[in-house]
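Here is the structure we will look at, set down as structure tokens.
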Amino acid sequence: MFKKILVPTDGSGFSNRAVATAAQLAQSLGAQLLLLHVRSPLESPHHVEGGAMRELGGKRVMQEIEDEERRLLDAALELAATKGTQAETAFVAGYSAYEAIIRIASEQHCDLIVMASHGRRGISGILMGSETQKVLSHTTIPVLIVR
């Protein structure tokens, strides 16, 4: 049925639940599991002339960002392993998380995307939308939503 499953993760509890579900599904189907983290470049610390960040240096800041991404993905790998599944990881920086998720799923020939529902409702759901909703609206790949 499904041969390669993509699960985006941001390290949150909701996301970890999706990772666990995807890992169990991959294990039961004998499918490959790809753990993806997408970070907006806007979330990165920026050097500002005269600011405290100026003293850190660009290489150090980038190393700290890479270390944080590695910790997040390593935690997701460990979670998948507790469910009996080995996984691959990928990290991308992009302004649009949903577009990056769809692009990586397509490039990696994933045939299922497993995502968390962060449960936004009411006005915040209308104003902010959700990456999950955007993926659902813009992909032809099946999506399993975990609550």
Side-chain angles (χ1 to χ4, degrees), residues 1-47 53 56-147:
M1 178 169 230
F2 297 113
K3 303 288 184 215
K4 191 161 189 181
I5 301 169
L6 174 94
V7 58
T9 181
D10 62 8
S12 68
F14 292 109
S15 196
N16 288 341
R17 196 172 307 141
V19 169
T21 299
Q24 288 174 317
L25 185 60
Q27 197 275 335
S28 70
L29 296 173
Q32 295 177 319
L33 182 63
L34 177 61
L35 305 169
L36 173 67
H37 180 68
V38 180
R39 179 186 38 82
S40 167
L42 299 176
E43 295 172 5
S44 302
H46 298 282
H47 279 3
M53 295 288 300
L56 292 177
K59 288 182 183 177
R60 181 171 172 203
V61 170
M62 290 310 297
Q63 185 60 52
E64 288 179 6
I65 290 169
E66 288 174 21
D67 290 347
E68 180 182 335
E69 303 303 334
R70 176 58 33 213
R71 281 190 297 274
L72 186 146
L73 288 169
D74 283 348
L77 279 171
E78 283 183 37
L79 182 56
T82 66
K83 303 299 180 185
T85 303
Q86 291 185 354
E88 297 176 29
T89 61
F91 161 74
V92 294
Y95 289 104
S96 171
Y98 86 89
E99 288 177 336
I101 292 165
I102 293 169
R103 179 176 55 83
I104 296 299
S106 178
E107 288 174 0
Q108 294 298 314
H109 307 289
C110 297
D111 49 11
L112 178 67
I113 300 170
V114 177
M115 295 186 72
S117 169
H118 284 57
R120 277 194 195 113
R121 300 186 194 286
I123 297 297
S124 68
I126 293 169
L127 294 177
M128 297 178 70
S130 84
E131 295 307 310
T132 302
Q133 183 62 45
K134 292 173 189 170
V135 169
L136 280 168
S137 298
H138 292 90
T139 188
T140 57
I141 298 169
V143 179
L144 173 65
I145 301 171
V146 178
R147 286 193 144 222

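Nothing here was measured: the structure is a model prediction, and the numbers come from that model.
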### Residue from Leu73, Leu35, Ile104 passing side chain to side chain contact (heavy atoms under 4.5 Å, CB included) with Phe91
Leu73
### Query
Is the closest side-chain heavy-atom distance between Leu77 and Asp74 below 4.5 Å?
yes
### Task
Go through the steps to decide whether Gln108 and Leu6 satisfy the test side-chain contact (heavy atoms from CB on, under 4.5 Å), and finish with yes or no.
CA-CA 9 Å; Gln108 294 298 314; Leu6 174 94; over 6 Å; no
### Task
Would you check if Thr132 and Pro8 make a side-chain contact, meaning some heavy-atom pair closer than 4.5 Å?
no
### Message
Whether Lys134 and Glu131 form a salt bridge (side-chain N of Lys/Arg under 4.0 Å from carboxylate O of Asp/Glu) is what I want to check.
### Response
yes
### Message
Would the distance check show the side chain of Thr21 and the main-chain N or O of Arg17 forming a donor-acceptor pair, the cut-off being under 3.5 Å?
### Response
yes
### Message
Rounded at 0.5 Å granularity, tell me how far CG in Leu25 sits from OG1 in Thr85.
### Response
9.0 Å
### Query
Which distance, rounded to the nearest 0.5 Å, do you find between the OG1 of Thr89 and the CG of Leu72?
10.5 Å
### Task
Calculate, to the nearest 0.5 Å, the distance between atoms CG and SG belonging to Leu33 and Cys110 respectively.
9.0 Å
### Task
For the residue pair His37 and Glu69, establish whether any side-chain heavy-atom pair is separated by less than 4.5 Å.
yes
### Query
Taking NZ, NE, NH1 and NH2 as the nitrogens, is one of them in Glu107 or Arg103 under 4.0 Å from a carboxylate oxygen of the other?
yes
### Query
Taking it one step at a time, do Val7 and Val146 satisfy side-chain contact (heavy atoms from CB on, under 4.5 Å)?
CA-CA 11 Å; Val7 58; Val146 178; over 6 Å; no
### Query
Can you say whether the rings of His138 and Tyr98 are parallel (under 30°), tilted (30 to 60°) or perpendicular (over 60°)?
tilted
### Query
From Leu136 CG over to Met115 CE, what is the distance, rounded to the nearest 0.5 angstrom?
7.5 Å
